[in-house]
Amino acid sequence: MTRSDPRAPAPPSPAGDGTARPDEERYPAALIEPKWRKRWDELGLFRQDITHAENKFYCLNMFPYPSGDLHVGHGRNYILGDAVVRQAMLRGRRVFAVMGWDAFGLPAENAAIQNKTHPEKWTLRNIERMRQQFDAWGIGLDWSREIASCHPGYYKWTQWLFLKLYERGLAYRGKAPVNWCPSCQTVLANEQVVGAGECERCGTPVIQRELEQWFFRITAYAERLLNDLSLLTDWPEKVRVMQHNWIGRSEGAEVHWRVDGSRDELITFTTRLDTIYGATFLVLAPNHPAVESLTAGNQEIQAFAARVARQQSDRRYDQEPEKEGMATGKSAIHPFTGAKIPIWVANYVVMGYGTGAVQCVPAHDTRDYEFAKKYALPIVSVVRPSETGDEGWETVDGDRVFVGEGAVFDSGAYDGLTTEQARERMATDLATRRLGKATVQYRLRDWLVSRQRYWGAPIPMIYCDTDGIVPVPESDLPVVLPQDVEFKPTGESPLAAKAEFVNVTCPKCGRPARRETDTLDTFVDSSWYYLRFLTPRDETKAFDTALVNAWLPVDQYIGGVEHAILHLLYSRFITKVFYDMKLVSFVEPFRALFTQGMITRGGVKMSKSKKNTVAPDELIAKYGTDTGRVYTMFIGPPEKDAEWSDRGVEGAYRFLNRVWRLGRAHGALVKESASRPQPAIESATAREIRHAAHTALARVTRDFNEFHYNTAVAAMMELVNTLVGAAQKEEAALAPGAPAS
RNA sequence: GCGAGAGUGGCGGAACUGGCAGACGCGCCGGAUUUAGGAUCCGGUGGGGAAACUCAUGGGGGUUCAAAUCCCCCCUCUCGCACCA
């Protein structure tokens, strides 16, 4: 921003004294932009009096993780959001635009280990830095409402949320596998497992370990989360579909199979109960709980199951692996025929879906067919296609397998029924005999919220030898994260090594007890933050029901598509829980959603680790904020990824200079003519200008409503081109052959 | 494999409900300015043709007075999920 930089905006020289030719005059961004930012601040333009909510417009960008310097890729999100905010404001909406920080999480902890600083210090410094950058970008925000999820005044209420879920039976403790590095003795997040399942730090193969962990029972809300997607008409179709698939509802039936020669029972889930007369074997997932008892003493098969289970958990293959299995030697009793069919363990059934046990009908399922062929298991057809043709036929290794619908045969009392009728009847009959029933399965799993990490909200629970699991009383919140802990990864939360933290008296019996030392997943922090901005400093409650009901749902939510599933699903879930608690009156937190694309450079996402970022500070120093903003808007369709181009930036800069020169040369005229009555007969040029202005107006309005900022900028460029052309024509007409100066 | 989206100049991309394909920008070419280069400003710029014209929106068919846009078949790419029982 120094004057000596030849590219810096030159000071205006209206006298045309020879230091700068009029056609070279630059837009003096360094003078103008700070002036206006100061003015907005003085006016309190973005401060909102929340006591009035009529005509409200709550616009929210997904709050960022304070990772340090922002680059122009981040800038795109906030510049788009700012455009939405300013348009709404100009249209007289009561705008609510706020910013916060998703400030807990692993990177802060890693940075702390690396730089020997405290995560909090690192985080707060980054926040400070990023706040300045937002300001330099001219993003209009009500900073008096800023929140940070790592602040005790905030996470107190994250902990409160946990207690509320616990009270309602929606938070529970259960076993779950974690990624474990045997060498580092630590739990690893999925993203710390690299290559073919190795520890990011030391390269040791990562193993799975079962730990007691906390879960949120989001599956209890699966049906509503699915159904209410239909309310979200202003969400991108893509995101709705992703959520739909993630929840993954399928209707089918549970079938109980008695294990021959034992009192044990296996439960399978199938969507094709109608084919059960064709079931010639059962397959269990390698980590199915029954595997151990069924194969007691058989080391070979247990080793096989363990190996295959590990392979499954890696899930780092491009194609499906070759199907592999071993017979357990045990059989199950077919609930309809009484036949004994063998029970196998195989790698193509996973524990994470259904019951982890399936009936196998090789004649009507491609996977079962493939497996049956390999191990020479019987293949029994029971469905006859209702129509001829290729409908419902699949090809496996050159063989044709019918997986479609039709009529069943060789199926006892059900012969002749359509597959659909057979499914219904069979389910009813199973239910009567208490051997099964029609059920609905979801792919969605419960939300594992425990993290064996330091930098997060402590889970407000206490373990007492007498009273068991005891929640921390609400009046004792927040459970404050202690400052001085050792961050060395040890395998459990660093909090566990902190005696002053761990040792506590039981709130029930007063005897010595231990605190939970795990912290909450940061997605818990972000699952409710949009409710906090209305009353960011309230120490008496998480949010104010009346205010929240007046100002929410968020009218426009903006963020990256990378949050299309988890963050949005969790927020929707928590909102529904609050709805059930009668704390909010709406069932969906975000009325409209816009997911913008990333900025790439050299074809890859702009990121610090890729070393392909463009620093906004340099950009602003060289061209000014508005150049960056115009370019960012113009770079391409906002919902798509866009490649950064330094040449493109210069184009935006040229455009702004054109506007500047046009204004300086003709601004006075415009002002004057505005107060003059419209002449009865317009000149051709005047008509051309009027037409261009109205066209631009219409297009920009339409484009803004549809997030087409790239074409809105183009429309304004066109208008300016027309005006410059018109000005030249007029000058030529006024001074024929008489050069000025 | 399933689902979603996309294929238009040298490049990013426009084209509202079927109505002049290529807006706008980058690049390139020419001009002005400059000792020169850069920067800046002005103009030109899909292919072929001297021209009238003509050919062009991944490929092939179709509907229509009229198709980038609608229908059918095929190809390619991107993203998401993935042995979902």
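Each chain gets a letter, A, B and so on, in the order its sequence line appears, and its residues count up from 1. The model shown is predicted, which means the values in this text are computed figures rather than measured ones.
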| message | With a 4.5 Å cut-off on side-chain heavy atoms, are A:Leu266 and A:His288 touching? | response | yes
| Just wondering, do A:Val724 and A:Asn721 contact through their side chains at under 4.5 Å, heavy atoms? | no
| task | Go through A:Arg601 and A:Asp646 one step at a time and tell me if the salt bridge (charged side-chain N to carboxylate O under 4.0 Å, His left out) criterion holds. | result | CA-CA 10 Å; A:Arg601 208 180 180 206; A:Asp646 293 333; 3.4 Å; yes
Taking only nitrogen or oxygen atoms into account, show me every contact under 3.5 Å that the protein makes with nucleotides 7-10 of chain B, one pair per line with its distance.
none

| How would you list, by chain and number, every residue that makes a side-chain contact (heavy atoms from CB on, under 4.5 Å) with A:Arg272, sequence neighbours excluded? | A:Thr270, A:Asp274, A:Thr275, A:Val383, A:Glu405, A:Thr419, A:Arg423
| query | Do A:Arg307 and A:Glu324 meet the salt-bridge criterion of a basic N to acidic O distance under 4.0 Å? | reply | yes
| task | Could you check whether A:Asn710 gets within reach of a base, just the sugar-phosphate, or nothing at all, counting any heavy atom under 4.0 Å? | result | sugar-phosphate
| query | What interatomic distance, in whole Å, is found between C1' of B:G9 and the corresponding atom of B:U45? | reply | 10 Å
| said: Taking B:G30 as the reference, what is the distance to B:C79 when you measure between their P atoms (whole Å, please)? | reply: 41 Å
| message | For the P atoms, the ones on B:G31 and on B:G80, what distance do you get once it is rounded to whole angstrom? | response | 50 Å
| Nearest-Å distance once atom P is located in both B:G5 and B:G10 | 29 Å
| task | Could you tell me the separation between the CH2 atom of A:Trp257 and the P atom of B:A85, rounded to a whole number of Å? | result | 17 Å
| query | Starting at CZ of A:Arg702 and ending at P of B:U17, how long is that distance when rounded to a whole Å? | reply | 8 Å
| query | For A:Tyr348 and A:Pro637, take the nucleotide of RNA chain B holding the closest heavy atom to each; which residue's nucleotide lies nearer the 5' end? | reply | A:Pro637
| task | Sticking with atom P, work out how far B:A14 lies from B:G25, rounded to a whole angstrom. | result | 15 Å
| message | Is the shortest side-chain heavy-atom distance between A:Ser571 and A:Tyr557 below 4.5 Å? | response | no
| said: Of the options B:A85, B:A4, B:G80, whose atoms approach the side-chain atoms of A:Val350 most closely? | reply: B:A85
| task | For A:Val241, answer base if it contacts any base atom (sugar-phosphate contacts may also be present), sugar-phosphate if it contacts only those atoms, and nothing otherwise; contact means non-hydrogen atoms under 4.0 Å. | result | sugar-phosphate
| remark: Expected list for residues 220-233 of chain A near RNA chain B, using heavy atoms below 4.0 Å, is none
| query | Starting at NE2 of A:His288 and ending at P of B:C83, how long is that distance when rounded to a whole Å? | reply | 17 Å
| message | Do A:Leu662 and A:Arg658 have side chains that approach each other closer than 4.5 Å (heavy atoms only, starting at C-beta)? | response | no
| task | Determine if the base of B:G9 is syn or anti; take syn to mean the glycosidic torsion is within 90° of 0. | result | syn
| query | Think A:Arg443 has a side-chain N or O under 4.0 angstrom from the OP1 or OP2 of B:A85? | reply | no
| task | Would you mind telling me which of B:A85, B:U40, B:A14 lies closest to the side-chain atoms of A:Thr270? | result | B:A85
| query | Which value, in whole Å, describes the distance between the P atoms of nucleotides B:C20 and B:A66? | reply | 15 Å
| task | Decide yes or no for A:Trp447 and A:Phe215: does some side-chain heavy atom of the first lie under 4.5 Å from some side-chain heavy atom of the second? | result | no
| message | Let's test your reading of the pairing rules: Watson-Crick or G-U wobble, both distances under 3.5 Å, then write RNA chain B as a dot-bracket string with ( ), [ ], | and dots. | response | (((((((..(((......[....)))((((((.......))))))(((....)))..(((((..]....))))))))))))....
| task | Tell me, please, which residues at least two apart from A:Asp264 pass side-chain contact (heavy atoms from CB on, under 4.5 Å). | result | A:Val259, A:Ser262, A:Ser293
| request: Report yes if at least one side-chain N or O of A:Arg699 is closer than 4.0 Å to OP1 or OP2 of B:C16; otherwise report no. | output: no
| said: Taking donor-acceptor contacts at under 3.5 Å, does the side chain of A:Lys238 reach the base of B:C79? | reply: no
| request: Figure out the CG/P separation between A:Leu566 and B:C81, and round it to whole Å. | output: 9 Å
| Separation of the P atoms in B:C16 and B:C26, to the nearest angstrom | 24 Å
| query | What is the distance from CD of A:Glu643 to P of B:U78, rounded to the nearest Å? | reply | 16 Å
| request: Sort out for me which residue in A:Tyr623, A:Trp644, A:Phe655, A:Tyr709 forms a ring pair (Phe, Tyr, Trp, His ring centres under 6.0 Å) with A:Tyr631. | output: A:Trp644
| Whichever of A:Phe269 and A:Asp703 has its nearest RNA chain B nucleotide further upstream toward 5' | A:Asp703
| Aromatic rings A:His563 and A:His567: how do their planes relate, parallel, tilted or perpendicular, breaks at 30° and 60°? | perpendicular
| request: Can you tell me the distance, in whole Å, between the CZ atom of A:Arg240 and the C1' atom of B:G5? | output: 15 Å
| request: Determine, for A:Tyr348 and A:Lys323, whether the Lys NZ or Arg CZ falls below 6.0 Å from the six-membered ring centre while staying within 45 degrees of the axis. | output: yes
| said: Tell me the interatomic distance from A:Asp641, atom CG, to B:C11, atom P, rounded to whole angstroms. | reply: 19 Å
Heteroatom pairs (N/O) under 3.5 angstrom, protein to nucleotides 25-30 of chain B:
from, atom 1, to, atom 2, distance (Å)
B:G25, OP1, A:Asn721, ND2, 3.4
B:C26, OP1, A:Arg654, NE, 3.1
B:C26, OP1, A:Arg654, NH2, 2.6
B:G27, OP1, A:Arg647, NE, 3.4
B:G27, OP1, A:Arg647, NH1, 3.0

| query | On a whole-Å scale, what distance lies between the C1' atoms belonging to B:U57 and B:U34? | reply | 43 Å
| query | What about A:Trp235 and A:Phe594, are their ring centers closer than 6.0 Å? | reply | no
| Do the side chains of A:Val440 and A:Arg249 get nearer than 4.5 Å, heavy atoms only? | yes
| note | Rounded to whole Å, the NZ-P distance (A:Lys640 to B:G12) equals 10 Å
| query | Heavy-atom distance under 4.5 Å between the side chains of A:Phe336 and A:Ile276, does that happen here? | reply | yes
| query | Is there side-chain contact between A:Trp257 and A:Val255, with heavy atoms separated by less than 4.5 Å? | reply | yes
